[in-house]
Amino acid sequence: MTGAGVAVIAVLVLLLFGTGFLLGRTARPVRTSDVGTPVEHATFETLHTASLAAPPLRAGLTEESARRSARGLRSLLGTDALCLTDRDRVLVWDGEGDHHGADVMRDVQELLASGRDTAFHSDCGDLDCPLRWAVAVPLTVDHRVLGTLVAYAPRESAVLARAAGEVARWVCVQLELAELDRSRTQLIEAEIKALRAQISPHFIFNSLAAIASFVRTDPERARELLLEFADFTRYSFRRHGEFTTLADELHSIDQYLALVRARFGERLSVTLQVAPEVLPVSLPFLCLQPLVENAVKHGLEGAAGPRPYDSVRAGNDPIRITISALDAGAEAEVVIEDDGTGMEPERLRQILRGEGGTSTGIGLVNVDERLRQVYGDDYGLVIETGVGAGMKITLRLPKYRAGVHGS
């Protein structure tokens with residue numbers, strides 16, 4: 001089920017619960033300042049309470065998320081006490097009679113095994129305890145029972161049993177969204193790992209070889225290059241955050257190009273044009289470096305496999321790469337252009353469709369897909385190329401997008 005589909009289900013469940021069940025619960029007094037009918041007020045109050053309980057549950061079914069959401073869930077049900085469990089233990093008890101918590105896992109064992117709602121009378125020797133009856137509902141995601149929601153009351157109540165089922169289904173929707181968020185995070189991490197794997201061992205070997213060549217002839221240059229290499233690899237393999245800033249990404253590119261220059265010298269000419277106001281703009285981590293590496297690879301080192309277009313450029317002619325990051329109103333426009341060998345447009349389309357083989361164009365495809373995931377299909381790569389005409393890659397980055405923050 002897609003995230004949009006799950007969200008629609010969540011809204012429908014809340015609307016049904018707000019307009020149906022709340023008609024049968026004891027309504028709170030309506031203040032004179034409230035606008036609308038009592039039913040409308042109850043519906044809006046329910047939706048508001050649910051919106052407060054939802055964010056913690058988006059972290060999954062944990063002790064912390066249960067603790068932060070329990071009071072809101074009990075308010076939705078209007079019950080004396082509420083308990084949330086996972087498969088092994090009680091996560092939180094909210095309300096009266098917390099001494100019942102010791103027996104909860106025993107009472108829900110059959111439910112955890114069958115996945116079916118159950119109701120039971122609570123065995124309590126305390127004559128002053130109001131909790132005499134309970135209904136337990138499974139919390140399931142993808143047909144897996146993750147835990148239970150248990151609501152307690154002074155007496156049997158068909159209304160409470162139905163309401164507990166509706167609230168539990170709403171909780172399940174939030175947990176399913178948490179699973180989708182987790183899957184998305186894992187996908188992004190896998191994509192970044194693929195980019196890291198693409199930082200060619202060949203490039204690392206050649207960089208270290210270039211550094212070694214300066215050890216005797218120019219020790220200070222060797223030291224500077226070694227520091228550049230250390231900073232570049234530290235940034236590329238960092239473990240925190242899926243987003244970075246344009247300033248940090250451009251700094252990493254500068255370190256990468258310093259290592260390339262150490263090997264190719266004057267054969268590489270780079271022009272950098274950056275508007276200071278776009279430096280704080282956030283973007284997906286490792287978005288630009290693969291594009292610059294692509295320009296270097298096709299210009300200086302050649303594409304993987306035979307190079308039928310070598311005749312276009314003499315072996316020692318310099319490759320010119322231009323990198324610009326300019327202000328474009330609500331967006332930053334980044335352009336990476338080279339005057340290398342280029343390629344057939346149809347070949348480029350095959351690569352972007354993932355038909356380039358296991359090692360060809362991984363960086364281009366990866367960056368294009370991640371930009372579309374984060375910003376939408378209008379923000380994919382725009383690539384212009386032709387045989388012997390080099391390549392120009394343009395991408396647009398919104399200066400602000402909710403949830404996109406560089407770290």
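The CG atom of Asp254 lies 11.5 Å from the CZ atom of Phe232; values are rounded to the nearest 0.5 Å. One finds the CG atom of Leu73 at 12.0 Å from the CZ atom of Arg71 (value rounded to the nearest 0.5 Å). Interatomic distance, Thr341 OG1 to Ile319 CD1, rounded to the nearest 0.5 Å: 8.0 Å. From Leu286, atom CG reaches atom CD of Glu249 across 5.5 Å, with rounding to the nearest 0.5 Å. Here Ile211 contributes atom CD1 and Arg263 contributes atom CZ; the two are 13.0 Å apart, rounded to the nearest 0.5 Å. Remark: Asp339 CG to Ile321 CD1 distance equals 8.5 Å, nearest 0.5 Å.
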* I would like to know whether Arg320 and Glu337 meet salt bridge (Lys or Arg N to Asp or Glu O under 4.0 Å); could you show each step before the answer? => CA-CA 8 Å; Arg320 295 177 178 83; Glu337 187 172 8; over 6 Å; no

* Let me see the working for Thr85 and Thr148 under side-chain hydrogen bond (donor to acceptor under 3.5 Å, both in side chains), right down to the final yes or no. => CA-CA 5 Å; Thr85 81; Thr148 66; 2.7 Å; yes

* **Test log, rule salt bridge (Lys or Arg N to Asp or Glu O under 4.0 Å), inputs Glu166 and Arg169** => CA-CA 5 Å; Glu166 295 296 334; Arg169 275 187 281 275; 3.2 Å; yes

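Within 6.0 Å of CZ in Arg106 there are more than 12 heavy atoms belonging to other residues, nucleotides or ligands. The number of heavy-atom neighbours closer than 6.0 Å to CZ of Arg87, taken from other residues, nucleotides and ligands shown, is above 12.
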In residues 90-105, what donor-acceptor pairs under 3.5 Å come from side-chain atoms, sequence neighbours left out?
{"from": "Trp93", "atom 1": "NE1", "to": "Glu96", "atom 2": "O", "distance (Å)": "2.9"}
{"from": "Asp94", "atom 1": "OD2", "to": "Arg74", "atom 2": "NE", "distance (Å)": "2.5"}
{"from": "Asp94", "atom 1": "OD2", "to": "Arg74", "atom 2": "NH2", "distance (Å)": "3.4"}

Can you give each donor-acceptor pair under 3.5 Å made by side-chain atoms of residues 393-400, sequence neighbours left out, with the distance rounded to 0.1 Å?
{"from": "Arg396", "atom 1": "NH1", "to": "Glu331", "atom 2": "OE1", "distance (Å)": "3.1"}
{"from": "Arg396", "atom 1": "NH1", "to": "Glu331", "atom 2": "OE2", "distance (Å)": "2.8"}
{"from": "Arg396", "atom 1": "NH2", "to": "Asp378", "atom 2": "O", "distance (Å)": "2.6"}
{"from": "Lys399", "atom 1": "NZ", "to": "Asp327", "atom 2": "OD1", "distance (Å)": "2.6"}
{"from": "Lys399", "atom 1": "NZ", "to": "Asp327", "atom 2": "OD2", "distance (Å)": "3.3"}
{"from": "Lys399", "atom 1": "NZ", "to": "Gly329", "atom 2": "O", "distance (Å)": "2.8"}

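A side-chain contact (heavy atoms from CB on, under 4.5 Å) with Leu288 holds for exactly one of Val334, Thr244, Val367; it is Val334.
Side-chain atoms of Arg116 do not come within 3.5 Å of backbone N or O of Ala113 as any donor-acceptor pair.
By the salt bridge (charged side-chain N to carboxylate O under 4.0 Å, His left out) test, Glu64 is found to be paired with Arg67, residues two or more places apart in sequence or in another chain being considered. Residues that satisfy the ring pair (Phe, Tyr, Trp, His ring centres under 6.0 Å) test with Tyr375, not counting sequence neighbours, are Tyr379. The side-chain contact (heavy atoms from CB on, under 4.5 Å) search around Leu272 returns Val274, Ile323, not counting sequence neighbours.
Counting only heavy atoms from C-beta outward, the side chains of Tyr152 and Val150 approach each other to under 4.5 Å. Considering only heavy atoms from C-beta on, Tyr256 comes within 4.5 Å of Val292 through its side chain. For the pair Leu381/Leu291, a side-chain contact is recorded, criterion being any heavy-atom separation below 4.5 Å from C-beta on. With contacts defined as side-chain heavy-atom distances shorter than 4.5 Å, the pair Leu364/Leu348 qualifies. Between Leu371 and Cys287, the closest side-chain pair of non-hydrogen atoms falls below 4.5 Å. Using a 4.5 Å heavy-atom threshold, the side chains of Val387 and Glu344 count as touching. Looking at Pro138 and Leu112, their side chains never come closer than 4.5 Å, going by heavy atoms from C-beta outward. Side-chain contact between Leu257 and Val296 is present, with at least one heavy-atom pair separated by less than 4.5 Å.
Pairing each heavy atom of Val270 with each of Arg261, the nearest pair is CB-NH2, 3.7 Å. The minimum heavy-atom distance between Arg221 and Ala262, with the atom names listed, is NH2-CA, 3.8 Å. Taking all atoms of both residues into account, the shortest heavy-atom contact from Val145 to Gly115 is CG2-CA, 3.9 Å. Shown here for Gly60 and Leu175, the closest heavy-atom pair between the two residues is C-CD2, 3.7 Å. Across every non-hydrogen atom of Thr245 and Pro280, the tightest pair is CG2-O, 4.1 Å.
The salt bridge (charged side-chain N to carboxylate O under 4.0 Å, His left out) pairs that include a residue from residues 142-151 are Arg144-Glu179, where partners are two or more places apart or lie in different chains.
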